[in-house]
Number of protein chains: 4
Amino acid sequence: MPTTGQSESEEKPTRGKRADAVRNQRVLLAAAAEVFVTSGVDAPIREIACQAGVGVGTIYRHFPTRADLVVAVYRHQVEACAEAGPTLLAGTDSPFAALRQWADLFVDFLVTKHGLAGALQSDSSGFEALHAYFLDRLVPVCAQLLDAAVAVDEITPGTQPYELMRAIGNLCIGHDPHYDPRRMVELLLRGLRNPRP
Amino acid sequence: MPTTGQSESEEKPTRGKRADAVRNQRVLLAAAAEVFVTSGVDAPIREIACQAGVGVGTIYRHFPTRADLVVAVYRHQVEACAEAGPTLLAGTDSPFAALRQWADLFVDFLVTKHGLAGALQSDSSGFEALHAYFLDRLVPVCAQLLDAAVAVDEITPGTQPYELMRAIGNLCIGHDPHYDPRRMVELLLRGLRNPRP
Amino acid sequence: MPTTGQSESEEKPTRGKRADAVRNQRVLLAAAAEVFVTSGVDAPIREIACQAGVGVGTIYRHFPTRADLVVAVYRHQVEACAEAGPTLLAGTDSPFAALRQWADLFVDFLVTKHGLAGALQSDSSGFEALHAYFLDRLVPVCAQLLDAAVAVDEITPGTQPYELMRAIGNLCIGHDPHYDPRRMVELLLRGLRNPRP
Amino acid sequence: MPTTGQSESEEKPTRGKRADAVRNQRVLLAAAAEVFVTSGVDAPIREIACQAGVGVGTIYRHFPTRADLVVAVYRHQVEACAEAGPTLLAGTDSPFAALRQWADLFVDFLVTKHGLAGALQSDSSGFEALHAYFLDRLVPVCAQLLDAAVAVDEITPGTQPYELMRAIGNLCIGHDPHYDPRRMVELLLRGLRNPRP
DNA sequence: TATGAATGAGCGTTCATTCAT
DNA sequence: AATGAATGAACGCTCATTCAT
């Protein structure tokens with residue numbers, strides 16, 4: 001279980017007048033997503049509150065730490081990414097091809113979120129929850145893909161899922177017209193490939 | 001002893017009482033290097049001044065912008081790295097091997113400097129000078145290595161030196177016992193390799 | 001009690017917990033007025049915050065720029081001065097007498113505010129709003145008085161309201177027991193007088 | 001005697017190797033005058049030192065306070081202005097006309113010196129010497145002119161030379177295309193005029 | 001005597017975070 | 001539960017001034 005910090009919320013609307021709160025959460029998340037795109041995940045809390053039309057206190061109530069907010073904002077995409085792993089694996093004969101497609105999804109996700117990749121590497125306190133959630137959720141998926149590819153001799157064994165994910169994440173840091181993360185990730189994956197025919 | 005690395009400081013020592021200032025520059029650079037390791041290259045100027053036992057004004061006198069300071073701190077290593085390129089190329093039959101060794105030097109450099117790799121990707125203003133210096137100095141070297149390797153068919157053409165350097169730099173972001181940048185860079189370079197035997 | 005002069009503060013008191021903030025605004029304005037007397041309108045923001053017993057952030061929240069604060073502190077007096085123009089004009093047969101009385105009010109206002117007259121001449125950025133407010137509000141009033149006096153041949157035409165106001169303002173700069181701005185303004189106005197018998 | 005603070009220097013080149021120092025003073029004064037025009041009399045000391053091509057210490061050695069420097073820079077003009085008083089008085093039948101001409105000289109002087117008029121009113125510590133010098137030197141001259149005009153019934157008695165000078169000085173504060181100090185000073189002097197023919 | 005390196009107080013400004021309403 | 005006012009630490013930066021060389 002992720003050490004996110006939000007105990008309930010999300011997913012199940014629960015019942016009763018909670019509907020109010022749930023609606024509010026949605027507004028908050030939408031606003032945060034908006035601001036994250038514009039100003040990065042380090043944007044001032046007040047900017048997000050303003051965009052959502054609420055007070056800063058409301059943000060803090062729902063998301064005690066910045067990481068909680070980031071996690072909540074991207075939870076759906078992370079879930080989607082996690083679920084895509086097994087699906088891709090099931091839909092092809094080549095686990096390596098599945099890995100490549102999965103990496104592509106992951107990259108898609110990261111590059112469209114301004115600064116998210118950077119935040120994932122940040123060792124500044126307050127992002128542990130973010131790290132924890134991403135890793136808890138995605139490392140097992142990546143492991144499954146790697147293992148499968150190793151099992152059919154498509155790639156050389158010895159690469160850990162965690163380091164591969166970090167590598168991919170790192171490669172997605174920064175926006176630059178002269179730098180295409182996807183190509184570099186492709187290179188990285190090619191490096192995994194078993195040289196044997 | 002601080003890990004500054006630059007033993008002789010700058011240019012001609014000039015003459016006269018400048019000896020005082022020159023000595024101070026050393027102290028400043030040592031302190032900055034120290035603090036950069038501890039708190040990253042974004043560390044408050046005050047912290048550096050404090051570590052050096054000087055006033056903030058002294059820092060500003062010697063290094064008007066933060067980038068000036070960072071460049072000064074790492075100039076020697078960058079120069080060494082730049083000069084190593086041609087040397088390595090001359091010392092081997094395989095340009096790809098030379099590239100690998102060069103990348104290793106570059107990685108050595110980056111991973112020992114906490115936060116430097118991150119700063120290199122930072123798009124925050126005030127780091128342009130830093131970017132400029134690194135790129136001006138190292139991209140040509142990297143280009144030479146890549147071209148040579150392409151020329152002897154060791155690697156697939158089409159990868160730009162700039163993107164390769166950024167990729168390597170990115171891979172070096174973050175300190176983590178479970179993540180070894182060197183291995184990931186190795187993977188990346190293997191991905192460049194021409195599949196033909 | 002501070003010599004702020006504004007007793008009712010701002011516009012509609014609005015409702016709800018804003019009462020708190022409104023009260024605070026009063027404290028802020030009183031403190032600022034106090035400090036302006038002591039240290040001039042260039043006084044450090046911190047000093048004002050300290051005098052008010054609040055954090056600097058509170059000042060910035062209410063008055064984003066220094067000019068905003070100055071304008072707020074003196075708004076009531078400026079308004080009173082602006083409204084006095086037509087009133088005085090209506091209450092006398094001699095527009096020149098009205099002008100003299102009006103000038104007296106203006107001087108009263110300026111000499112009791114240490115440094116305000118100076119700030120009005122300051123060309124330092126950040127005071128544009130202050131200039132704008134004073135001029136927008138008072139120049140038309142002064143113009144009306146001048147025009148009326150010219151119309152009845154009490155004064156020589158050709159003097160612009162703006163330059164007259166600046167002159168009066170300038171004459172009020174500085175505190176000095178041996179210098180009475182009022183007398184000098186009186187001289188200036190006498191200089192406007194039509195030499196006709 | 002002015003309480004300027006510089007005991008020797010200036011005027012008499014003195015003798016011996018002092019020639020060196022005298023030459024240096026000239027350079028300093030020229031530089032200061034230059035900078036005062038550009039950046040006002042509040043310009044950073046370092047800017048003046050830089051313009052003069054000397055160290056800041058040298059400035060401080062010669063002119064311990066900023067006022068000392070300002071006084072020295074403008075001493076010649078002040079002297080000229082002081083000496084013009086009696087001369088003008090001697091050259092005309094109308095002391096009032098002389099006063100007007102003298103005021104014109106004074107205004108000429110002040111308006112060509114960016115910020116000098118302002119500095120003259122500044123009550124910030126460190127400008128006492130400046131005040132003292134200007135007043136010591138010019139008030140008697142102004143008094144002579146006023147007395148003479150009163151004596152021949154050209155102007156109303158009762159105006160003190162000090163307040164008149166301050167008034168004129170004040171009217172010269174600020175640079176503004178829509179404000180002509182000379183015209184306002186003319187108005188002020190007209191106000192002194194005895195209404196009877 | 002001249003230099004200019006060094007100092008550090010001080011200023012404007014931002015923002016995460018708390019808490020009374 | 002929501003608000004947003006208040007707080008104050010922290011940072012970048014500028015200069016007046018001192019003093020070792």
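Residue numbers begin at 1 in each chain, while the letters A, B, ... track the order of the sequences. Model, not experiment: these values are computed from the prediction.
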* Report yes if the side chains of B/F134 and B/V71 come closer than 4.5 Å at any heavy-atom pair, otherwise no. => no

* Non-hydrogen side-chain atoms of D/Y133 and D/Y74 separated by less than 4.5 Å -> no

* Asked: Atom CZ of A/R23 and atom P of F/dA2: how far apart are they, to the nearest Å?
  -> 13 Å

* Structure fact -> Ranking E/dG8, E/dG12, F/dT18 by distance to the side chain of C/R66, first place goes to E/dG12

* Structure fact -> Checking F/dA5, F/dC13, F/dA2 against the side chain of B/Y60 (C-beta onward), the nearest is F/dC13

Let me have the donor-acceptor pairs involving side chains of residues 39-54 of chain B, under 3.5 Å, with sequence neighbours excluded, atom names and distances please.
{"from": "B/S39", "atom 1": "OG", "to": "B/E47", "atom 2": "OE2", "distance (Å)": "2.8"}

* To do: Send over the distance from C/R61 CZ to F/dT3 P, rounded to a whole Å.
  => 14 Å

* Consider the side chain of B/V56, meaning its heavy atoms from C-beta on, and name the nucleotide among F/dG8, F/dT14, F/dT18 that approaches it most closely. => F/dT14

* Paired nucleotide for F/dA20 [Watson-Crick or G-U wobble; both distances under 3.5 Å] -> E/dT3

* Decide yes or no for B/T65 and B/Y60: does some side-chain heavy atom of the first lie under 4.5 Å from some side-chain heavy atom of the second? => no

* Establish, with yes or no, whether the OP1 or OP2 oxygen of F/dT3 is under 4.0 angstrom from a side-chain nitrogen or oxygen of A/T58. => yes

* Asked: Now, which nucleotide makes the Watson-Crick or G-U wobble pair with E/dG8, with each of the two distances under 3.5 Å?
  -> F/dC15

* Just by modelled atom types, is the D/Q25 backbone N or O under 3.5 Å from a matching donor or acceptor in the D/H62 side chain? -> no

* Any side-chain heavy atom of A/F63 sitting closer than 4.5 Å to one from A/L28? -> yes

* Just to confirm, is there a sub-4.0 Å distance from OP1 or OP2 of F/dA2 to any side-chain nitrogen or oxygen of A/H62? -> yes

* Asked: Rounded to the nearest Å, what distance is computed from the CG atom of residue C/L69 to the C1' atom of nucleotide E/dG12?
  -> 14 Å

* Structure fact -> Heavy atoms of A/A32 and A/L69 approach each other most closely as CB-CD1, 3.9 Å

* **Interface residues of residues 31-55 of chain A with DNA chain E (non-hydrogen, below 4.0 angstrom)** => A/P44, A/I45, A/R46

* Would one find a side-chain N or O of A/N24 under 4.0 angstrom from OP1 or OP2 of F/dA1? -> no

* Structure fact -> By nearest-heavy-atom nucleotide on DNA chain E, the more 5' of B/L28 and A/G57 is B/L28

* Nucleotide F/dA1, atom P - distance to CD1 of A/I59 in whole Å -> 16 Å

